[in-house]
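Here's the structure, in structure tokens; my notes come after.
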Amino acid sequence: VFWSYLAIMVGLIVVLGLYASREAREFYLDRESRELETAAHLVKARIAEPLGGGRFADVQAVCAESSRSLGMRITVILPSGKVVGESSEQPEHLENHRNRPEIIEALAGSVGRSRRFSSTRGQELMYVAVPLKQDGRVAAVIRTSFPVHTLLQTFHVVYLRIGAAGLAATLLVALASLVVARKIVRPLEVIRAGAERFAGGELEHRLPIRGAEEVRMLAESMNHMAQELHQRMQTIISQEHEHEAVLSSMDEGVLAVDQTGKILSLNDACGKLLSLNPEKVRGRLVHELVRTCNLLEFVERTLISATRIEEDIEFSRPDNRWMHAHGTVLRDPQGNKIGALIVLHDITRLRHLENVRRDFVANVSHELRTPITSIKGFVETLLAEELEDKQTSLRFLRIVLKQADRLDAIIHDLLTLSRVERGAEGQTIQLERERICPVLQSAVEMCERKAADKQIDIELTCADDLAATINSPLLEQAVVNLLDNAIKYSSPRGHVRIVAVSGPGEVTIRVEDDGCGIESRHLPRLFERFYRVDKARSRELGGTGLGLAIVKHIVAAHDGSVQVQSTVGAGSVFSIRLPAGASLTPADSDSACG
Amino acid sequence: MSVHLQREIDHLKRQLLSLCAMVEEQVHLAIRALLERDAELARQIQTRDSEIDQREVEVEEECLKTLALHQPVAIDLRFVVATLKINSDLERIGDLAVNIARKAVAFIGQGSAEIPFDVAGMWQKTQGMLHDSIDALVNLDVGLANQVCAQDNEVDQMKRENRKRAEAILLKDAARVPGILNLLAVSRNLERIADHATNIAEDVIYMVQGRIIRHGTGVDGG
């Protein structure tokens, strides 16, 4: 702005200066020529009388004298062209002046003017010729002249002055335009900086409204624009937050990839399922991050498929899990494919439950069938042999009884299991705060006979005042089941220890044996119904396959948990953890045990 | 670089990573079949190997196509060359997984006695190396690749210990000879997988730095 301003102003000054100097010069020349004319008229008055008398010498004298006083050259010429008076030369030396343009004009009766090179003086002169009329005709011409050169010298001074004034004006103008430009540009500069801040996202920023009217309006419009933008951004951001909240609080994993397989986004649940950090994976290839080829294949199939697809995918690593996956093609508002959306739902538990249920039905039929087959076989034999041999018959009947007992045990256990389960579901199991010691003691008593058969000695350690919220018959059943197992799988003359201790917020009952132990691969399924580590042996020992399942359900009904640790060849430890309340005061405890 | 070449290389990368995921899973399942005595799973692994073979061929053809059509230079060329080599390493690992699965079937058939050594731990280590070497490939992470190379000795050491333990058992109990021999083969196969993982890591270093560190030449700046 400053420079263009300056250029305009300087141009204006130059044009004005040129015009002024031209006008001044014209004016000056004009004035000079009038002066010459006035002088000529003066001389005319003085020479009219001597000229009429033909006294040319006097004419010459007047010319010389006037020239001195007026500072100009004066020439008197007769109509014939003869010079009779000349201030700078002797008239005799001069040639005929008749053809000079100013003389021709004057002879015609008017004032003649001209500017031309004088051969007499050797320089450019300005001439004015005035006719001297006597008796109605031109008697002589008086010509005054002045060197233009001298005039021009005067002009130089004038030019210089105009130039100097122009320069001064230019400086002033420069200064002024600098100030004005500043005044216009400064607010624009502020607006520009503001606009840049808007672009950088600082939409709360407001431009100061000041300066010229136009600038104020611009600033106002820009503020308005920023406000509108801010509002829209806020709407978009809050919508996005809503979407994100919805996505991240979903249980299902959601994964979006673009056409090349790069991750567009994934929610927290998906990050957890695939053990990825949702913040860090955006824009990376899903192949780089997921090492489950089933899922990769599924993603690729979704990308090329036209319809929605679903499938159960097995994740073999790090642990065996099943996901139910839905795949849909992602489209932008114009309907172009931009990628794929995969929704993953963890169905590992469902699958597991399904398996357990299927196994249970198969197992229960098998378990019930074995004794029935045996009973049926022996009874058929007895019928066929018509009870001839009493000895054999008795033996057979004893076997039938044993199998019937077994059947009874299985059904009894199944009923217990279903009762506990139903009770736990319907919250109908009565839990009361009771001391644990008597419960353990009675459990030990129940197992003492079996233990004595194998010469196993049971050691009970329990603080007298230890108490928990329990249902004592059920807890007793659970402990009996654990003790029963411990005795069954211990070698003769082994040791079984039962220890009850109170920990922070819980009571732990541990049943430890030094029997054969359990391989680690069996441990996760040990508490399932009818799960058997060693099928033949367990049945031979009279197990129903339900003992530990019952323990698990009883403990679950107490809001506790049951765990097992085992080392092959060194024995197993089963721990029941029950949530504990405050322990009973010593006054409540009346009997010691241990 | 031309867009086409970039697209080809992305495609190649995806293919290689898919193959890698598949191979990793195969070995994992083979080990699981052994640990859980799941003969059915072990048989499935054997049938799935043909898919890996087919993919290996596809990757190789893709590499050759890229070389012929685009004549890549510098890092792209090294990527294609490294992919060619890693590809065959992965295919070999797939074969080793099948070997393990076979040994698992045999072991299960022999009444599946207790496993006296830490196959799971060894696999964890080996899997970690394989995983890291692929991660190094994906992220062009030379540091990680160097770590993988350093871990190879640990797996070798594990294999030697397993061997010693096996020898001790064999001296005591001749009845366990077939089972222990199968387990030793598994241990050896795992060690071979670790070697292939090391090869992959070396190829990654070659790809990134253009220096070949096999046979110890690169260690002293060769």
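First the proteins, then the strands, lettered A, B, ... as listed; each starts at 1.
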Worksheet entry | Validation row: H287(A), C20(B) side chains within 4.5 angstrom (heavy atoms) | no
Fill in: R357(A), CZ: over 12 other non-hydrogen atoms inside 6.0 angstrom
no
Fill in: Interatomic spacing from CZ in R14(B) to NZ in K262(A) - rounded to 0.5 Å
8.0 Å
Response to the item:
Closest non-hydrogen contact found for L296(A) with A21(B) is CD1-CB, 3.9 Å
Item to complete: Could you tell me whether N336(A) atom CG has more than 12 heavy atoms of other residues or ligands within 6.0 Å of it?
Response: yes
Item to complete: Taking atom NE2 of H4(B) as the centre, report whether more than 12 heavy atoms of other residues, nucleotides or ligands fall under 6.0 Å from it.
Response: no
Practice prompt. Take atom NZ of K272(A) as the centre, draw a 6.0 Å sphere, and report whether it contains more than 12 heavy atoms from other residues, nucleotides or ligands.
Written response: no
Fill in: Atom group of E51(B) that falls short of 4.5 Å from chain A, counting heavy atoms
side chain
Worksheet item: Near E167(B) CD, under 6.0 Å, is it more than 12 heavy atoms from other residues, nucleotides or ligands?
Response: yes
Discussion item. Between E300(A) and S18(B), does the side-chain contact (heavy atoms from CB on, under 4.5 Å) criterion hold? Intermediate values first, please.
Written reply: CA-CA 10 Å; E300(A) 269 167 23; S18(B) 292; 4.1 Å; yes
Worksheet item: Looking at side-chain heavy atoms only, is the closest gap between H11(B) and T260(A) below 4.5 Å?
Response: no
Practice prompt. Using a cut-off of 6.0 Å, state whether more than 12 heavy atoms not belonging to R369(A) lie near its atom CZ.
Written response: no
Fill in: Residue among L16(B), D135(B), D10(B), L137(B) with most heavy-atom pairs under 4.5 Å to chain A
D135(B)
